[in-house]
> 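Quick one: the structure is below, and I'll ask about it shortly.
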Amino acid sequence: MSFYSAPAVAANSVSDIIEQSYFDIMTLRACGFIIFRRLAQRPSPDNIEYLLLQTSYGEHHWTPPKGHVDPGEDDLTTAWRETQEEAGLGEKHLRVVDGFLQRLHYQVRGKEKEVLYWLAELRDPGIKVRLSAEHQDYRWVKLDEACRLAKYTDLQDTLKKVQHFLEKAEKKQ
Ligand SMILES: Nc1nc2c(ncn2[C@@H]2O[C@H](COP(=O)(O)OP(=O)(O)OP(=O)(O)OP(=O)(O)OC[C@H]3O[C@@H](n4cnc5c(=O)[nH]c(N)nc54)[C@H](O)[C@@H]3O)[C@@H](O)[C@H]2O)c(=O)[nH]1
């Protein structure tokens with residue numbers, strides 16, 4: 001929930017540091033998880049559902065849990081912290097899926113914003129989501145409905161990429 005941004009890459013020269021500082025001032029940065037669950041009673045891939053949260057402010061838009069990187073905080077720590085704060089889900093509830101990391105870039109009130117999403121599966125599909133005051137609703141939805149709620153093309157493309165990634169991984173097993 002902080003509005004600070006953290007360094008995106010390690011700086012190793014004066015010009016790198018200056019460039020990095022400029023990037024930090026000019027760029028908002030947030031991290032989170034695309035969270036999915038698999039329902040046992042349906043065949044794959046029809047059993048995959050994604051978690052989206054609806055903000056209680058602004059345009060009431062829907063996104064996966066994510067939030068701004070605090071000063072000195074590393075990106076993955078931010079993703080865990082924000083997911084715990086916004087959905088009540090932590091490491092004991094989620095299994096991180098190796099090999100998936102998506103970066104989105106978009107503008108928010110005239111500033112560049114970078115968002116990093118890792119991918120995580122809910123270990124027990126029955127675990128309840130606990131919202132904070134930042135969100136007014138949440139839904140577990142299949143890809144089509146997730147893309148309808150997440151009205152931004154880049155987020156829709158990310159969700160489609162996740163679905164493809166999961167289906168491909170399943171075929172390999
Ligand atoms: N009252 C009020 N308060 C606000 C408002 N705004 C913030 N607060 C406060 O900030 C705290 C949240 O802090 P964190 O949780 O740490 O941060 P984030 O999770 O990062 O949260 P944000 O909502 O700031 O960031 P985004 O989700 O990125 O939305 C920003 C804009 O970007 C667009 N947009 C969103 N997603 C996508 C996408 O995937 N693709 C594309 N292309 N565009 C996208 C969309 O147009 C959207 O309007 C809240 O507690 C409030 O106190 C506001 O309007 N009114």
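Numbering of residues begins at 1 and proceeds along the displayed sequence.
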> Applying a strict under-4.5 Å side-chain criterion to I, L, V, M, F, W and Y, I'd like to know whether Trp118 and Trp80 cluster together.
yes
> In the single-linkage hydrophobic clustering (I, L, V, M, F, W, Y; side-chain heavy atoms under 4.5 Å), do Phe165 and Val96 co-cluster?
no
> Measure the OH-CG distance between Tyr50 and Leu166 for me, rounded to the nearest 0.5 Å.
5.0 Å
> Between Leu51 and Phe33, is any pair of side-chain heavy atoms under 4.5 Å apart?
no
> Could you state whether Val129 and Ile127 fall into the same hydrophobic cluster, counting links through intermediate Ile, Leu, Val, Met, Phe, Trp or Tyr residues with side-chain heavy atoms under 4.5 angstrom apart?
yes
> Aromatic ring centroids of Tyr138 and Trp62 under 6.0 Å?
no
> Look up atom CZ in Arg103 and atom CG in Leu116, then write down how far apart they are to the nearest 0.5 Å.
4.5 Å
> Look at the side chain of Glu86 and the backbone N and O of Lys66, then say whether any donor-acceptor pair between them is shorter than 3.5 Å.
yes
> Please walk me through it: do Thr78 and Glu73 pass side-chain hydrogen bond (donor to acceptor under 3.5 Å, both in side chains)?
CA-CA 7 Å; Thr78 303; Glu73 189 175 47; 2.7 Å; yes
> About how many Å separate CG of Asn47 and CZ of Arg37, when rounded to the nearest 0.5 Å?
11.0 Å
> Assign the ring pair Tyr152 / Tyr106 to parallel, tilted or perpendicular, where the plane angle (0 to 90°) is split at 30° and 60°.
parallel
> Check Glu121 with Arg95, please: is the shortest side-chain N to carboxylate O separation under 4.0 Å?
yes
> Do you reckon Leu76 sits in the same ILVMFWY cluster as Leu89, going by side-chain contacts under 4.5 Å, direct or chained?
yes
> State plainly whether the residues Lys142 and Glu145 are in salt-bridge range, i.e. N to O under 4.0 Å.
no
> Any chance the side chains of Thr27 and Glu114 put a donor and an acceptor closer than 3.5 Å?
no
> How about Val69 and Asp75: do any of their side-chain heavy atoms sit closer than 4.5 Å?
yes
> Establish whether Phe100 and Leu104 are linked, either directly or via other cluster members, by ILVMFWY side-chain heavy-atom contacts under 4.5 Å.
yes
> Do Leu39 and Trp140 have side chains that get closer than 4.5 Å, going by heavy atoms?
no
> Scan Arg139, His135, Gln136 and name whichever one has a side-chain contact (heavy atoms from CB on, under 4.5 Å) with Leu53.
His135
> Please determine which of Leu159, Leu155, Ile35, Val162 meets the side-chain contact (heavy atoms from CB on, under 4.5 Å) test together with Tyr117.
Leu155
> CG/Leu131 to CD/Gln54 distance, rounded to the nearest 0.5 angstrom?
10.0 Å
> Quick one: are Arg81 and Asp70 in side-chain contact, heavy atoms under 4.5 Å?
yes
> With a 4.5 Å limit on heavy-atom distance, are the side chains of Val141 and Glu49 in contact?
no
> Rounded to the nearest 0.5 Å, what separation is found between the CG atom of Asp154 and the NZ atom of Lys161?
11.5 Å
> What's the separation between atom NZ in Lys160 and atom CG in Asp144, rounded to the nearest 0.5 Å?
9.0 Å
> Please find the pair of heavy atoms, one from Ser132 and one from Glu85, that lie closest to each other, and give the distance.
CB-O, 3.4 Å
> Return yes when atom CG of Asp124 has more than 12 non-hydrogen atoms of other residues, nucleotides or ligands closer than 6.0 Å, and no otherwise.
yes
> For the NE2 atom on His164, are there more than 12 heavy atoms of other groups (residues, nucleotides or ligands in this structure) within a distance under 6.0 Å?
no
> State whether the side chain of Gln156 and the backbone N or O of Ala150 hold a donor-acceptor pair below 3.5 Å, judged by distance alone.
yes
> Provide the closest heavy-atom pair for Ala133 versus Ser56 in the form atom of the first, atom of the second, distance.
O-OG, 2.6 Å
> Would you say the side chain of Arg29 lies within less than 4.5 Å of the side chain of His68, judging by non-hydrogen atoms?
no
> Looking at side-chain heavy atoms only, is the closest gap between Leu122 and Leu94 below 4.5 Å?
yes
> Within the 4.5 Å heavy-atom criterion, are Glu91 and Arg123 side-chain neighbours or not?
no
